[in-house]
There are 2 protein chains.
Amino acid sequence: MNNAPASPSFRPLYEQIKVLITQSLIAGEWRPGEAIPSEMELAARFKVSQGTVRKAVDELAAENILVRRQGKGTYVATHNEEHTKLRFLRLTAADGKKELLENQLLECNRGKATAEMARQLGLKTGASIIEVKRLLSFSGKPVILDHIIIPAAPFKGLNGSKIQDNNGSMYSMYETQYGIRMVRAEERLKAIAADEASAQLLGVAVGTPLLRIERVSCTYGDKPMEWRLGLCVTEEHHYRNELE
Amino acid sequence: MNNAPASPSFRPLYEQIKVLITQSLIAGEWRPGEAIPSEMELAARFKVSQGTVRKAVDELAAENILVRRQGKGTYVATHNEEHTKLRFLRLTAADGKKELLENQLLECNRGKATAEMARQLGLKTGASIIEVKRLLSFSGKPVILDHIIIPAAPFKGLNGSKIQDNNGSMYSMYETQYGIRMVRAEERLKAIAADEASAQLLGVAVGTPLLRIERVSCTYGDKPMEWRLGLCVTEEHHYRNELE
DNA sequence: GAGTGGTCTAGACCACCAA
DNA sequence: TGGTGGTCTAGACCACTCA
């Protein structure tokens, strides 16, 4: 119905629709795993043509924020399903075999954000945080030692048992317990030598080369919500990456 | 003009157009950096509407195979321009500063593919290959020790001086000298300890943890064309990655 | 069969670029 | 000023899912 691109703010209509849909996701109007309204309904709601909604949804689907299912509808993407559960876990066995993943919780404490951590997570220095340490094992062998920090405010009441429930997927837990979905993450990888504490937990010799993965994960609107440091034994595993 | 999806092979028209465009790229009809025909011309050539061509080109642009420039035309993507030159190089300084990159050629030999290498590159065991070893330095400090293997057939006449010419970018050289563009790559990362030879060349102590990057790069049609093993000192650098 | 997303078309107008 | 890609619309028909 709106024939010309809106003159005041010159951004394409479909980008404005994208923003509106994202805002509804932030507001929790549709939770992870739920269906959003059909293209026709959205078109009516935003007073644009179906094609414009389609382009907005196409891009959100390309960003793994929505999932289209032909004949059924468009859904809010989730880390819960088998296929997408470990989407951010790039570590696989060298021989490509599928492995059983075990999760051992080591610590779960409250604390205050350091200046550096506050900067990473967009908080104020000294803000309340939750700190988790855990050990992930593949087929019984320790492989990843994780140190995870999240702001306490959005994750009220989080404790060790909630983490244990979701068979090791923190992202799955964030979604089902708090409706918070991580849509993007940035990682920095380095090779380091295992120190005494890490070596003992991972069952390797001190000085063993480890892959150090530092990750900041963001929810809708690129808002950082989790900082994570993983130390990985890469003797029998490697980190897969695709460049395009 | 074609109102119904073609009945014999049921694939969307725009996918067929994508294939046709890709074939022209393989055939070298348009070389890296050149403009391809306008959307209207392509639509006429393939006897479809402009919108269908647009969708095909959109996807090829999303895959970094084509580049659209509003008001000018659509171009074959390249590794030559400043912005895209080091697209596959994910290593950056820890402090984010820009650095001067130097390239020191160590070896450039002909050889025969081992069974494993032949498998990786889609060749027959014993096929002729070219083997390159080089050292990349950032601001004078050695950082990456590369071992590169490519099939000899498509790269006739390649030698050390051609590698030196393109200020260290092999991909740039492949394009300008042979019209072969790498569009995709798959990497496997591990942490290993520096052996004697690597340690000496990289100027670190034996046993220093190194980031080991194994990469297979593919040209149009996902045809593998280069295998590469990089050993990286990550004391002052890290490998950046974005997960979506 | 009704409803959803998926494809294709045709035509209008806008923004950008170069001559 | 003319050509290019970019946006938006409207309508037709196809493919898939489910009741």
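Numbers restart at 1 for each chain; the letters A, B, ... are given by sequence-line order, proteins then strands.
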Inter-end axis angle, the helix from dG1(C)-dC18(D) to dA18(C)-dT1(D), with every axis fitted to five base pairs (rounded, 10 degrees):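 What I find for the helix from dG1(C)-dC18(D) to dA18(C)-dT1(D) is an axis angle of 10°.
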
Partner set under salt bridge (charged side-chain N to carboxylate O under 4.0 Å, His left out) for [X], not counting sequence neighbours:
X       : result
R240(B) : none
R31(A)  : none
R215(A) : E187(A)
K190(B) : none

Interface with DNA chain D, restricted to residues 54-62 of chain A and to heavy atoms under 4.0 Å: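 Heavy-atom contacts with DNA chain D come from K55(A).
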
Does OP1 or OP2 of dT7(D) have a side-chain N or O of Y14(A) closer than 4.0 Å?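 Checking dT7(D) against Y14(A), a side-chain N or O does come within under 4.0 Å of OP1 or OP2.
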
Distance in angstrom units between [X] [atom1] and [N] [atom2], rounded:
X      : N       : atom1 : atom2 : result
L13(B) : dC14(D) : CG    : P     : 14 Å
R11(B) : dA15(D) : CZ    : C1'   : 16 Å
Q50(B) : dT9(D)  : CD    : C1'   : 14 Å
I36(B) : dG5(D)  : CD1   : C1'   : 11 Å
L66(A) : dT4(C)  : CG    : P     : 16 Å
Y75(A) : dG3(C)  : OH    : C1'   : 12 Å

Ring pair (Phe, Tyr, Trp, His ring centres under 6.0 Å): which pairs involve residues 149-168 of chain B, sequence neighbours left out?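 Sorted result for residues 149-168 of chain B: F155(B)-Y174(B), F155(B)-Y178(B).
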
If a pair satisfies ring pair (Phe, Tyr, Trp, His ring centres under 6.0 Å) and one of its residues is in residues 60-82 of chain B, list it, with sequence neighbours excluded. H79(B)-F88(B), H79(B)-Y171(B)

Would you say the side chain of R90(B) lies within less than 4.5 Å of the side chain of L243(A), judging by non-hydrogen atoms?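 Counting from C-beta outward, L243(A) and R90(B) do come under 4.5 Å.
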
Begin from the C-alpha positions of V132(B) and I130(B) and carry the test side-chain contact (heavy atoms from CB on, under 4.5 Å) through to its verdict. CA-CA 7 Å; V132(B) 175; I130(B) 300 172; 4.3 Å; yes

Tell me which nucleotide among dT7(D), dT9(C), dC8(C) gets nearest to the side chain of S49(B). dT9(C)

List for me each residue that meets side chain to side chain donor-acceptor pair (under 3.5 Å) alongside K18(A), sequence neighbours excluded, and say none if there are none.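 So K18(A) forms a side chain to side chain donor-acceptor pair (under 3.5 Å) with E59(A), E63(A).
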
T22(A): what forms a side chain to side chain donor-acceptor pair (under 3.5 Å) with it, not counting sequence neighbours? none

Which atom pairs, donor and acceptor, lie under 3.5 Å between side-chain atoms of residues 93-101 of chain A and protein residues at least two apart or in another chain?
unit_1, atom_1, unit_2, atom_2, d
D95(A), OD1, K97(A), N, 3.0
E99(A), OE1, H237(A), NE2, 3.0
E99(A), OE2, H237(A), NE2, 3.4

Give me the distances for all protein-to-nucleotides 1-4 of chain D N/O pairs that come in under 3.5 Å?
unit_1, atom_1, unit_2, atom_2, d
dG3(D), N2, G71(B), O, 2.8
dT4(D), O2, G71(B), N, 3.3

